[in-house]
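Please read the structure below before turning to the comments.
Only this structure's heavy atoms are used, side chains among them; waters, hydrogens and symmetry mates stay out.
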Amino acid sequence: MPELSLPQDSYFLGFDSSTQSLKATVLDSNLNIVASELVRFDSDLPHYKTKDGVYRDPSGNGRIVSPTLMWLEALDLMLQKLSKPNFDFAKVAAVSGSGQQHGSLENAFSIKESPIWMDSSTTAECRAIEKAFGGALELVHVTGSHAYERFTGPQIKKIFDTRPEIYSSTERISLVSSFMARMNLMDIKSWSKVALEATAPGLESKLGELAPAYAVAGNIAPYFVERYHFNKDCLVVQWSGDNPNSVAGLTLNIPGDLAISLGTSDTVFMITKDPNPGLEGHVFPNQVDAEGYMVMLVYKNGSLTREDVRNCYADKSWDVFNKFLQQTQPLNVGFHRYIIENFSGTPDGLKEKEVRALIEGQLLSMWAHAERFGMPSPPKKIIATGGASANHCILSAIASIFGCDVYTVQRPDSASLGAALRAAHGWLCNKKGGFLPISDMYMHKLEKTSLSCKLSVSAGDQELVSKYATLMNKRIEIENQLVQKLGRC
């Protein structure tokens with residue numbers, strides 16, 4: 001498609017404003033990385049006195065916020081850092097970005113501090129919104145998720161309920177990404193009237209209209225043209241959330257593709273045409289497919305749990321952890337554990353079994369919940385990313401349990417990479433005058449770009465996979481019984 005090729009000698013700039021830092025990635029017209037930079041909030045902007053990029057309320061009420069101006073100052077500092085190696089901003093044809101998905105930003109600025117995804121102080125507001133729909137499951141079917149404390153809808157309701165004068169004086173409310181990536185207020189792809197009314201009066205006028213993720217918001221502001229010498233015709237493509245941008249950066253575009261991010265929180269992404277919303281996960285519009293959806297499952301017990309088991313049972317060593325994982329037979333989940341009073345030792349073989357039981361338990365949970373949301377079994381392929389994706393033993397366990405090939409990517413920062421790719425995609429859609437599949441940009445040259453991934457582990461033995469399936473079904477049965485008995489957290 002020569003008429004739709006990216007302009008030669010041009011750049012596409014992507015940002016990712018996360019909790020602790022701002023990252024930037026620059027792609028050239030061949031979709032190869034030509035520059036990248038990082039601004040750490042704590043160390044590069046110490047005058048804000050944040051810890052891990054946030055302020056935590058010392059009263060322990062779950063309120064966690066970030067100073068809004070810090071994000072804006074970080075953007076200027078980022079552009080200064082990029083300009084030092086004589087980076088030519090005039091070559092940037094389009095810009096896009098991602099923001100932490102549940103950080104909200106009040107108009108410049110009604111409040112000085114913005115609640116972020118870590119905030120958990122809005123439980124009462126969540127229950128009120130769910131009640132307006134007739135329950136959490138009804139809310140899931142409309143919006144794709146039940147009400148979580150970190151979502152922007154409950155955060156807006158809290159401002160309205162507790163500080164109505166602030167709400168009434170606010171003209172516009174947006175996410176960190178300046179685009180409604182997610183607020184739990186959307187009827188999957190449009191504003192939900194019930195959700196808006198349950199949150200605060202007159203809210204839709206403060207939110208503005210929804211726009212496709214590939215749409216152009218406008219040209220870059222004169223400030224950046226004058227200060228950093230951007231071309232005045234540089235396009236600004238709508239920003240989105242960090243997770244949808246990761247879907248783009250990991251090149252997930254075919255139903256059946258699965259990505260597992262192994263980080264502080266383990267996250268599972270998948271693409272589907274026919275979503276099946278549930279209480280334990282999220283369904284979002286697919287940022288790179290006008291007709292499809294992305295499913296996301298998030299697990300708090302990610303790397304911190306693996307590190308805890310490593311420290312308790314593997315001499316605080318990943319080498320020992322991996323040795324235990326390799327030398328223990330598969331199918332090690334399902335054992336009962338007992339606390340024995342006045343006993344400080346560890347029974348023979350328990351250390352090794354704890355390591356494998358942890359990994360198998362985490363992965364079987366991912367498989368079970370992803371299957372509920374429509375994942376084919378086995379998936380077409382899995383792309384692993386995040387810190388633990390460097391651990392070949394864990395990748396081997398993934399291949400054995402899911403029964404498909406496991407790939408890894410060149411670089412772990414898929415959000416800013418995806419933002420840069422979406423900037424290029426938005427430029428092409430704007431030239432065409434409508435949507436075109438993002439895969440058209442790289443389908444026949446993927447291995448020659450910075451988007452390529454490599455095969456790390458081949459699919460596991462299918463007989464073993466079927467045995468894991470039996471365990472997985474049993475695990476879900478037990479989980480359902482516990483939920484029925486104890487309720488959901």
Side-chain angles (χ1 to χ4, degrees), residues 136 140 145-146 148 243 256-270 272 275-283 294-310 313 321 324-325 328 330-337 353-379 381-389 391 393-404 406 457 459-460 464-489:
V140 166
S145 304
H146 75 79
Y148 289 86
N243 292 309
D257 283 356
L258 198 72
I260 298 178
S261 177
L262 299 164
T264 304
S265 296
D266 285 346
T267 307
V268 178
F269 306 104
M270 69 180 186
T272 181
N276 181 33
L279 290 172
E280 68 269 42
H282 314 272
V283 175
M294 63 168 281
V295 172
M296 184 174 73
L297 307 169
V298 182
Y299 298 85
K300 289 183 178 180
N301 59 339
S303 64
L304 296 182
T305 305
R306 289 187 287 272
E307 289 168 9
D308 185 60
V309 169
R310 176 203 63 185
Y313 297 103
F321 183 98
F324 287 173
L325 184 57
T328 309
L331 307 167
N332 196 49
V333 295
F335 288 92
H336 291 284
R337 302 293 188 226
K353 291 179 179 178
E354 286 288 352
V355 169
R356 177 164 281 278
L358 166 69
I359 297 301
E360 290 184 337
Q362 288 182 325
L363 296 177
L364 285 173
S365 177
M366 294 178 188
W367 180 7
H369 294 140
E371 195 172 70
R372 282 182 179 179
F373 276 77
M375 180 196 79
S377 186
K381 67 178 179 183
I382 290 178
I383 299 176
T385 185
S389 65
N391 189 318
C393 294
I394 292 178
L395 297 185
S396 296
I398 294 174
S400 295
I401 290 173
F402 282 85
C404 68
V406 177
V457 185
L464 180 58
V465 172
S466 66
K467 293 179 180 178
Y468 273 123
T470 301
L471 278 179
M472 183 267 290
N473 290 329
K474 187 63 179 178
R475 187 190 187 284
I476 286 298
E477 181 184 331
I478 294 171
E479 180 182 301
N480 290 338
Q481 291 173 357
L482 289 173
V483 169
Q484 186 175 6
K485 180 179 180 181
L486 303 175
R488 292 184 180 273
C489 295

Query raised in the report: Residues two or more places apart in sequence or in another chain: which of them pass side chain to side chain contact (heavy atoms under 4.5 Å, CB included) with S377?
Result: W367, E371

Query raised in the report: Taking only residues two or more places apart in sequence or in another chain, which ones pass side chain to side chain contact (heavy atoms under 4.5 Å, CB included) with P330?
Result: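 Result, side chain to side chain contact (heavy atoms under 4.5 Å, CB included) vs P330: R356, E360, L464, Y468.
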
Rounded to the nearest 0.5 Å, how far does [atom2] of [Y] lie from [atom1] of [X]?
X: N276; Y: R372; atom1: CG; atom2: CZ; result: 10.0 Å
X: H282; Y: F373; atom1: NE2; atom2: CZ; result: 8.0 Å
X: L262; Y: R306; atom1: CG; atom2: CZ; result: 5.0 Å
X: S466; Y: L471; atom1: OG; atom2: CG; result: 10.5 Å
X: T328; Y: I359; atom1: OG1; atom2: CD1; result: 11.5 Å
X: Q362; Y: I401; atom1: CD; atom2: CD1; result: 10.0 Å

Requested in this report: Of all the heavy-atom pairs spanning P379 and C404, show the shortest one and how long it is.
Outcome: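 Shortest heavy-atom contact: O-CB, 3.4 Å.
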
Report task. Quick one: list whatever passes ring pair (Phe, Tyr, Trp, His ring centres under 6.0 Å) with F321, sequence neighbours left out. Result ->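 F321: ring pair (Phe, Tyr, Trp, His ring centres under 6.0 Å) contacts with W318.
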
Report task. For atom CD of Q484, decide whether the heavy atoms of other residues, nucleotides or ligands shown that lie under 6.0 angstrom number more than 12. Result ->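 Not buried by this count: 12 neighbours or fewer within 6.0 Å.
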
Requested in this report: For the pair E477 and K474, find out whether any cationic side-chain nitrogen is under 4.0 Å from an anionic carboxylate oxygen.
Outcome: yes

Report task. Apply side chain to side chain donor-acceptor pair (under 3.5 Å) to S365 and list each qualifying residue two or more places apart in sequence or on a separate chain. Result -> H369

**Report entry** Which residues share a side chain to side chain donor-acceptor pair (under 3.5 Å) with N391, sequence neighbours left out
**Finding:**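 Result, side chain to side chain donor-acceptor pair (under 3.5 Å) vs N391: N322.
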
Report task. Mark yes or no for whether D308, through its side chain, and L304, through its backbone, hold a donor-acceptor pair below 3.5 Å. Result ->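 Checking the backbone N and O of L304 against the side chain of D308, no donor-acceptor pair under 3.5 Å is found.
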
Query raised in the report: Between the main-chain N or O of G263 and the side-chain N or O of S303, is there a donor-acceptor pair closer than 3.5 Å?
Result: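 Confirmed, S303 side chain pairs with G263 backbone.
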
**Report entry** Qualifying residues under salt bridge (Lys or Arg N to Asp or Glu O under 4.0 Å), relative to R475, sequence neighbours excluded
**Finding:**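 Listed in chain order: E479.
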
Report task. Starting from the C-alpha separation in whole Å, work towards a yes-or-no answer on side-chain contact (heavy atoms from CB on, under 4.5 Å) for F269 and N243. Result -> CA-CA 8 Å; F269 306 104; N243 292 309; 3.4 Å; yes

Report summary line: Tested for side-chain contact (heavy atoms from CB on, under 4.5 Å) against L297, the lone hit among V268, T267, I260 is V268

